[in-house]
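These notes are about the structure you will find just below.
Note that the structure is predicted; figures quoted are calculated from it, not measured.
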Amino acid sequence: MKVIIIGGVAGGASAAARLRRLDENAEIILLERSGYISYANCGLPYYIGGVIREKSALSVQTPESFGGRFRVDVRVKNEAVSIDPKEKTVRVRNLETGEEYTESYDKLLLSPGAKAIRPGLPGMDDKRIMTLRTVEDTLAIRDYLEEKKPKRAVVVGGGFIGLETAENLMGEGLEVSLIQMEDQVLPPLDYDMACQVHSFLRGKGLDLRLNRTVTGFIPKEDGLVVWMKRTEGQPGSQSGQMNQSGQPGTSEQTKAEEESIRADFVLMAAGVLPEMGLAREAGLALGQKGAIVVDEHMRTSVPDIYAVGDAVEIRHFITGKKTLVALAGPANRQGRIAADNICGRDSVYQGAQGSSIIRLFEMTAASTGINEKQAKAMGLDYDKVITFSANHATYYPGAENLTIKTLFECSTGKLLGAQIVGFDGVDKRIDVLACAMRAGMTGEELADMDLAYAPPYSSAKDPVNMAGYVIGNVRSGLVEQYYWDEADGLSDRKDVILLDVRTEGEYQNGHIPGTVNIPLDELRNRLSELDRGKILYVNCQSGLRSYLACRILSQNGFSCKNLAGGYRFYEYVKTDRTYDAAPAGPCGAKL
């Protein structure tokens, strides 16, 4: 059996290794157009920032070591230029010599990955506007930093690569502005969870420009001028065009809406699209965003052709819907499963739930399953809880809170998704929640999980257990919730009392407009001050004391609701909205 694999890295290289383990006699050819077949894609920003110092550390396997160990014919700088499914051949170009040749195959595996988006904006062809997708990209950016000694950079895009590169550039002493088209960074998170990340990044000195769309670049000898406008700008503005002065836009209104930033170079990290050119020309069925359609065995619509990795459309494990997941873990598993099926083993890919994590300076953000945006878009009957729990016993030094948002199905309690923002301990909690979702557990069952405890690592009630307790309380009717986006409009209602049960000092440091303050420890003795004919909307700092207050109130004849996440969560969101509404100065400072 002769197998050709187009593309290395996570999907292609893992498939090649699995094929050899299953079939010692197969002829395996791996074609890779770059000079690297298996590299640490997720580590690229850290080489730019000098955290990873050795160039060789980026290569998980060299062509020589991989080819020698697995007896694979590895051909780097060889690009597949066309596929003939009827003849079962691949046309290949040697990028060093320009020579073209044809290889036949019995089975073909596509692992082309995805390409960085480079929008067709004015000035986009300037060499100082770079992308980060390959080792070659990384080396070029690092060389630019060392040779040109830039002082200021603009990063376009608030996903994983954009944020990690921004952090590493700041670590190298550069001033960095990050432009994001949406109202938040990290799309796997919901906006309210991302607000905590925004606050932290701004505190570190990142000039964060949310709700901005880049409209063009003006190359100058001493750098670039980056023009942008607010995403919610007036319809009909022509800000994508250049006027006679060389600036984007043509109208006075447009000029007023636009902002500019000067930069020595720009990193475009505005997302990726599947590399589907070969597949399309070969007649393979394509799905959303041009991704290659595959079945549960990673087979394409054309016999004897398989596909894996960032270029394929897969099933979401939680929703069952088709989706794209550009992550290394799923690509590795898909490569293994494709190899199994090529070798006659009935191996099935069950889908991905998109588990991801990122560290930004000392902060960590992670998610698994679906978020609230997705749940709403699909019309799911869901609910959510927001908990604050210390990462380990509070009496042990160094305890810090984790913000955990957990989504579940109302009718069954089945877990749908989770997001965590915090510091130490985020990683193990998101992994526990990911496993719970994979097992089909309900929110209540989280309370029964027997998790390891010692004061440096956790508490007797782990944060995962606590999420389970709160879900159980909500589903059993022990407490009703309301949310940050409902709070501000409640003070106008005649049938409502807004009650803050924090201490007087906490209340004076900031509170929801219209709330009255009765500290929890005084509540039982002051019930006569409250009107039983009104609904009490109760809050504290985190949601715990207000839950206790609701239990007191409900057993004394009051109707009450508890603020999910508490005032702390509410304040993060309100502060973020206030910050973004303020005008920005020429270098990102708020005026």
Side-chain angles (χ1 to χ4, degrees), residues 1-20 22-39 61-115 134 136 274-286 290-295 297-312 331 334-335 338-344:
M1 178 173 64
K2 182 178 179 181
V3 183
I4 294 180
I5 300 172
I6 299 175
V9 199
S14 65
R18 178 68 170 172
L19 279 167
R20 178 57 70 217
L22 295 177
D23 188 343
E24 182 62 19
N25 297 314
E27 181 184 356
I28 305 170
I29 299 173
L30 194 158
L31 304 173
E32 171 57 50
R33 65 186 174 192
S34 76
Y36 301 83
I37 62 156
S38 183
Y39 57 88
Q61 289 271 11
T62 66
E64 296 74 21
S65 65
F66 187 85
R69 172 164 293 182
F70 295 104
R71 199 161 57 84
V72 172
D73 182 359
V74 178
R75 304 178 189 177
V76 296
K77 298 186 179 178
N78 275 248
E79 180 180 19
V81 293
S82 65
I83 301 166
D84 187 335
K86 291 182 180 179
E87 297 296 324
K88 299 183 77 170
T89 59
V90 177
R91 189 71 178 164
V92 186
R93 180 182 297 124
N94 185 315
L95 297 178
E96 292 184 310
T97 66
E99 174 196 2
E100 290 194 2
Y101 60 94
T102 299
E103 285 285 355
S104 63
Y105 66 84
D106 296 310
K107 304 287 184 181
L108 178 65
L109 174 66
L110 300 178
S111 180
K115 60 184 177 182
T134 67
E136 287 87 350
E275 286 273 18
M276 48 68 175
L278 279 174
R280 180 184 58 206
E281 292 170 10
L284 277 63
L286 303 179
I292 303 168
V293 173
V294 294
D295 65 10
H297 303 289
M298 309 312 299
R299 292 182 300 224
T300 71
S301 60
V302 174
D304 297 320
I305 300 181
Y306 296 73
V308 300
D310 295 356
V312 304
Q334 292 160 23
D340 282 355
N341 285 284
I342 288 172
C343 291

- [ ] Sequence neighbours left out, what passes salt bridge (charged side-chain N to carboxylate O under 4.0 Å, His left out) with Glu64? Give chain and number order.
- [x]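 Per chain and number, Glu64 pairs via salt bridge (charged side-chain N to carboxylate O under 4.0 Å, His left out) with no residue.
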Distance check, rounded to the nearest 0.5 Å: [X] atom [atom1] versus [Y] atom [atom2]?
{"X": "Leu22", "Y": "Met1", "atom1": "CG", "atom2": "CE", "result": "8.5 Å"}
{"X": "Asn341", "Y": "Leu109", "atom1": "CG", "atom2": "CG", "result": "11.0 Å"}
{"X": "Asp310", "Y": "Glu275", "atom1": "CG", "atom2": "CD", "result": "10.0 Å"}
{"X": "Ile305", "Y": "Met298", "atom1": "CD1", "atom2": "CE", "result": "14.0 Å"}
{"X": "Ile342", "Y": "Asp106", "atom1": "CD1", "atom2": "CG", "result": "10.5 Å"}
{"X": "Glu100", "Y": "Arg91", "atom1": "CD", "atom2": "CZ", "result": "5.0 Å"}

- [ ] For the pair Cys343 and Leu19, evaluate side chain to side chain contact (heavy atoms under 4.5 Å, CB included) and give the outcome as yes or no after the intermediate values.
- [x] CA-CA 7 Å; Cys343 291; Leu19 279 167; 3.6 Å; yes
Please tabulate, for the side chains in residues 73-80, all donor-acceptor contacts under 3.5 angstrom to protein atoms that are two or more places apart in sequence or on a different chain.
residue: Asp73; atom: OD1; partner: Arg75; partner atom: NE; Å: 3.4
residue: Asp73; atom: OD2; partner: Arg75; partner atom: NE; Å: 3.1
residue: Asp73; atom: OD2; partner: Arg75; partner atom: NH2; Å: 2.8
residue: Arg75; atom: NH1; partner: Tyr101; partner atom: OH; Å: 3.2
residue: Arg75; atom: NH1; partner: Glu103; partner atom: OE2; Å: 3.0
residue: Arg75; atom: NH2; partner: Glu103; partner atom: OE2; Å: 3.1
residue: Asn78; atom: OD1; partner: Tyr101; partner atom: OH; Å: 2.7
residue: Asn78; atom: ND2; partner: Val76; partner atom: O; Å: 2.9

Open item on the list: Can you pull out every side chain to side chain donor-acceptor pair (under 3.5 Å) where at least one residue sits in residues 298-307? Sequence neighbours excluded, please.
Closed with: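 Side chain to side chain donor-acceptor pair (under 3.5 Å) check on residues 298-307 returns Lys88-Asp304, Lys107-Asp304, Asp295-Arg299.
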TODO: Applying side chain to side chain contact (heavy atoms under 4.5 Å, CB included), run through Val90 and Leu108 and close with a yes or a no.
DONE: CA-CA 9 Å; Val90 177; Leu108 178 65; 3.9 Å; yes
Under 3.5 Å donor-acceptor pairs involving side-chain atoms of residues 5-16, not counting sequence neighbours:
residue: Ser14; atom: OG; partner: Ala10; partner atom: O; Å: 2.7
residue: Ser14; atom: OG; partner: Gly11; partner atom: O; Å: 3.0
residue: Ser14; atom: OG; partner: Asn332; partner atom: O; Å: 3.3

With a 4.5 Å heavy-atom cut-off, do [X] and [Y] have their side chains touching?
{"X": "Val92", "Y": "Leu31", "value": "yes"}
{"X": "Arg71", "Y": "Glu24", "value": "yes"}
{"X": "Ser111", "Y": "Gln334", "value": "no"}
{"X": "Leu110", "Y": "Val308", "value": "no"}
{"X": "Glu281", "Y": "Ile83", "value": "no"}
{"X": "Met276", "Y": "Pro112", "value": "no"}

TODO: Report the residues that fulfil ring-ring contact (aromatic ring centres under 6.0 Å, His included) with Tyr36, sequence neighbours left out, ordered by chain and then residue number.
DONE: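 Here no residue qualifies.
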Task: Pairing residues for Tyr105 by the ring-ring contact (aromatic ring centres under 6.0 Å, His included) criterion, not counting sequence neighbours - done: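 By the ring-ring contact (aromatic ring centres under 6.0 Å, His included) rule, Tyr105 matches no residue at all.
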Open item on the list: Any side-chain to backbone donor/acceptor pair from Arg280 onto Gly283? Under 3.5 Å, distance only.
Closed with: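 Checked: no pair found.
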Open item on the list: Has Arg20 got a side-chain atom pairing as donor or acceptor with Ala26's backbone, closer than 3.5 angstrom?
Closed with: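 Confirmed, Arg20 side chain pairs with Ala26 backbone.
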Shortest non-hydrogen contact from [X] toward [Y]:
{"X": "Pro274", "Y": "Ala311", "result": "CB-CA, 3.8 Å"}
{"X": "Asn94", "Y": "Glu96", "result": "OD1-N, 2.9 Å"}
{"X": "Ala282", "Y": "Pro85", "result": "O-CG, 3.4 Å"}

Task: Donor on one side chain, acceptor on other, Glu87 and Thr89, under 3.5 Å - done: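 No, no side-chain donor-acceptor contact under 3.5 Å.
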